[in-house]
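This structure is a prediction, so every number in the text was calculated from the model and none was measured. The first residue in the sequence is number 1, and the count goes up from there.
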Amino acid sequence: MTVGQAKAWERRWPDLGRQVQDLPDGPLDVDSWFGRSAPLLLEIGSGMGETTARLAEAAPEVNYLAVEVYQPGLAQLMLRAEALGLTNLRLLRGDAVVLLTEHIAPGSLSAVRIYFPDPWPKKKHHKRRLVQPEFIALVASRLAPGGTVHLATDWENYAEQMLDVLSGEPLLRNRHADWAPRPDWRPVTKFESRAREEGRISRDLIFERVPG
């Protein structure tokens, strides 16, 4: 971490962050942590926090929870949150699968966002991709009816895999015929701008949880 990131970690992590591996057994006491009851949104893989901070700022009515494994990224996100004066953002460092399985109650999430997960572009590595049927079944089980899962990627064959996987999950239905129109409220990051320059088109998918 940079000096600034290290100082942010020391200063803000005790209030804003938790290690997934250190969480007590059972569902996370979200209301106590945020100091209020509000719709709970989970972003998986917040990276350096550029998008996350801006989206949390745009939705002060939401309890915004971000999970990421990369410590410098979480530290940078805390710096962004501090600069924006955010009070509705909390961070978790660790495995999203463990978090969802052991610490997020079924039907408790208003939305899940996964933007530009590692594409593992080599075919032999596709099995390492996050968006697989078992994982999406887990995500769907944690959504409240009407809750959404929103994915975005700039890798065409990963987008097609995402569409197949989400379409095959019986608890989810597509809000669109296939790809969702790119929402104006999803910020264009430097990463996405670079993908455009390299000729890759970003695609969005928005599915919602059906009753059942």
Side-chain angles (χ1 to χ4, degrees), residues 8-9 11-118 130-131 135-152 172 183 185-187 189 206-209:
W9 188 271
R11 184 172 65 249
R12 301 307 310 275
W13 183 254
D15 295 327
L16 297 183
R18 300 283 187 276
Q19 300 279 354
V20 171
Q21 64 184 15
D22 296 335
L23 293 174
D25 293 342
L28 185 64
D29 186 356
V30 176
D31 290 356
S32 175
W33 194 11
F34 280 88
R36 66 174 187 173
S37 178
L40 180 63
L41 184 153
L42 175 65
E43 183 177 334
I44 297 173
S46 52
M48 297 303 290
E50 180 182 1
T51 294
T52 308
R54 292 164 67 183
L55 290 175
E57 181 188 28
E61 75 283 0
V62 168
N63 285 344
Y64 206 110
L65 194 61
V67 59
E68 171 63 57
V69 296
Y70 186 52
Q71 186 177 8
L74 288 168
Q76 189 65 37
L77 176 52
M78 285 190 289
L79 284 171
R80 298 179 193 275
E82 194 171 51
L84 293 171
L86 301 183
T87 61
N88 65 326
L89 178 66
R90 300 292 183 272
L91 316 180
L92 288 156
R93 185 182 183 207
D95 189 333
V97 173
V98 174
L99 174 66
L100 286 163
T101 303
E102 300 181 9
H103 303 294
I104 299 294
S108 64
L109 296 175
S110 66
V112 173
R113 292 172 175 169
I114 309 172
Y115 297 150
F116 302 97
D118 192 329
L130 179 64
V131 180
F135 176 71
I136 291 302
L138 174 61
V139 168
S141 73
R142 269 46 184 174
L143 286 170
T148 59
V149 54
H150 181 186
L151 309 183
L172 298 175
W185 48 261
R186 182 171 68 73
T189 64
I206 302 176
F207 279 64
E208 68 178 29
R209 167 72 191 262

Student check: side-chain heavy atoms of [X] and [Y] closer than 4.5 Å:
| X | Y | result |
| --- | --- | --- |
| Arg36 | Asn88 | yes |
| Leu55 | Leu41 | no |
| Gln76 | Leu79 | yes |

What are the two closest non-hydrogen atoms of [X] and [Y], and how far apart are they?
| X | Y | answer |
| --- | --- | --- |
| Leu91 | Trp33 | O-CH2, 3.4 Å |
| Glu61 | Ala38 | O-CB, 3.5 Å |
| Arg142 | Leu100 | NE-O, 2.9 Å |
| Thr148 | Leu143 | O-CD2, 3.5 Å |
| Asn63 | Ser37 | ND2-C, 4.4 Å |
| Ser46 | Thr52 | CB-OG1, 3.3 Å |

Result block: side-chain N/O donor-acceptor pairs under 3.5 angstrom for residues 16-28, not counting sequence neighbours:
| from | atom 1 | to | atom 2 | distance (Å) |
| --- | --- | --- | --- | --- |
| Arg18 | NH1 | Pro14 | O | 3.4 |

Counterpart residues, salt bridge (charged side-chain N to carboxylate O under 4.0 Å, His left out), relative to Glu208 (two or more places apart):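 Glu208 satisfies salt bridge (charged side-chain N to carboxylate O under 4.0 Å, His left out) with Arg173, Arg175 only.
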Could you tell me which residues satisfy salt bridge (charged side-chain N to carboxylate O under 4.0 Å, His left out) with Arg11, sequence neighbours excluded, listed by chain and number? Glu82
At what distance, to the nearest 0.5 angstrom, does [atom1] of [X] lie from [atom2] of [Y]?
| X | Y | atom1 | atom2 | value |
| --- | --- | --- | --- | --- |
| Leu151 | Leu130 | CG | CG | 9.0 Å |
| Leu65 | Leu40 | CG | CG | 5.5 Å |
| Leu42 | Tyr64 | CG | OH | 9.0 Å |

